[in-house]
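Have a look at the structure below, then the notes.
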Amino acid sequence: MQDRFVNCIAQLPQALADNLVPLLHQDFCGHIDAQQVADLCAATNMTTDQLLLAMLPVAAALAKPPISEFYVGAIAKGQSGDIYMGANMELNGEALFHSVHAEQSAISHAWLSGETVIEDVIVNFSPCGHCRQFMNELVSGQSIKIHLPDQAIQPLSHYLPYAFGPSDLDITAPLLSKQQQEFALESADPMVIEALDQASLSYAPYTGSYAAVVLETKDGQTFCGRYAENAAFNPSMLPMQMALSTMSRHNRDFSEINRAVLIESGKGKISLVGATMDALHAVAVVELEHIVVDPV
Ligand SMILES: O=c1ccn([C@H]2C[C@H](O)[C@@H](CO)O2)c(=O)[nH]1
Ligand SMILES: [Zn+2]
């Protein structure tokens, strides 16, 4: 079991701890598939809703909050029945806007794993206004069920009444719905190919600046983030922040970054290159490889 889970495991009911420990191996990054969830329910005699609330300390243990030391854990449950944990991340010594919230981490985890519909979000603290707005960008956002300790399960519309959202800007295909951009680029570099694939799946309906970041560690592993815009703009999740939060969930240190690639559309209204370099240089001494591609 990874060291970061030692304390939280001790707080869990014994049957849950016993059945969870084998899953928390070196490669665990917060993804538990539908069959494993069903097995955990059977072994612990809990309903799925009870199990997910009980596992929040495990999600919170994925957090990296060097500034606040406030550990937030979230779990997104996809339509597939798989669950995706997320946790907050702050960049040491850097401006607070670089932070990723637990709910964004969990939702981006689900998105990067191919989920197109999130049905439930379980969080250990009441989601902030920024996260409520972020969730309202999802497919059927208003009806996502929010689970909190000691609160009745309520749809997002309860927490974000009279909401502002994509439809106010005439956007009909929400975040996580299946859509794909095509870009013209020939490359034999696997990292560039990966970044291009991810950029083609990014969500930038407000600027057209489709983008993705891929980070490579010294052992050759890659971690990616896609750009996810938000109708209210500021709650948007930048691809570098998404990639760093992917790395955190995988328990990897930012000092291990060896290469960093940003691919973005040259036909969008904005460029993420400045913001991406800022975040990269805050965590690693690596030059950003910046590639601009044209949509076909
Ligand atoms: O909904 C919320 C509210 C706060 N935080 C994080 C952000 C920051 O890292 C810390 C303190 O606000 O908690 C979340 O992850 N989700
Ligand atoms: Zn939040």
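Here the structure is a predicted model, which means the values were calculated and not measured. Atoms within a ligand are numbered from 1 in the order they appear, just like the ligands themselves.
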Problem - Donor on one side chain, acceptor on other, Q11 and N7, under 3.5 Å - result: no
Problem - Polar contact flag, side-chain donor to acceptor under 3.5 angstrom, E182-S200 - result: no
Problem - Backbone or side-chain N or O of A102 under 3.5 Å from ligand 1 N or O - result: yes
Exercise for the section: Just let me know how E103 lines up against ligand 1, side chain, backbone, both or neither, with a heavy-atom cut-off below 4.0 Å. Expected result: side chain
Fill in the blank from the handout: The expected count of protein N/O/S atoms at less than 2.8 Å from the Zn ion (ligand 2) is 3
Problem - Residues Q79 and T116: side-chain donor-acceptor under 3.5 angstrom - result: no
Practice task
Could you verify whether a donor N or O on one side chain and an acceptor N or O on the other, from S202 and Q181, lie under 3.5 Å apart?
Solution key: no
Practice task
Check whether the side chains of T47 and D49 place a donor and an acceptor atom closer than 3.5 Å, and report yes or no.
Solution key: no
Handout entry: Test item, P127 contacting ligand 1 (heavy atom, 4.0 angstrom)
Key = yes
Exercise for the section: For residues T217 and N258, determine if any side-chain heavy atom of one lies less than 4.5 Å from a side-chain heavy atom of the other. Expected result: no
Exercise for the section: Answer yes if the side chains of E103 and H130 hold a donor-acceptor pair under 3.5 Å, and no otherwise. Expected result: no
Handout entry: Closest protein heavy atom to atom 12 (O) of ligand 1, given as residue, atom name and distance to 0.1 Å
Key = F70 CD2, 4.8 Å
Handout entry: Shortest protein contact, atom 2 (C) of ligand 1 (heavy atom only)
Key = H101 ND1, 3.4 Å
Exercise for the section: Using a strict cut-off of 4.0 Å, indicate which atoms of ligand 1 neighbour a heavy atom of C131. Expected result: 1 (O)
Problem - Geometric class of the F233/Y206 ring pair [parallel <30°, tilted 30-60°, perpendicular >60°] - result: tilted
Handout entry: Test item: side-chain donor near acceptor, Q179 and Y203, under 3.5 Å
Key = no
Practice task
Look at atom 8 (C) of ligand 1 and say which protein heavy atom is nearest, naming residue and atom and giving the distance to 0.1 Å.
Solution key: E90 OE2, 3.3 Å
Practice task
Classify the angle between the aromatic ring planes of F125 and F70 as parallel (below 30°), tilted (30 to 60°) or perpendicular (above 60°).
Solution key: tilted
Exercise for the section: Identify the protein heavy atom lying closest to atom 6 (C) of ligand 1, giving its residue, its atom name and the separation to 0.1 Å. Expected result: N88 ND2, 3.6 Å
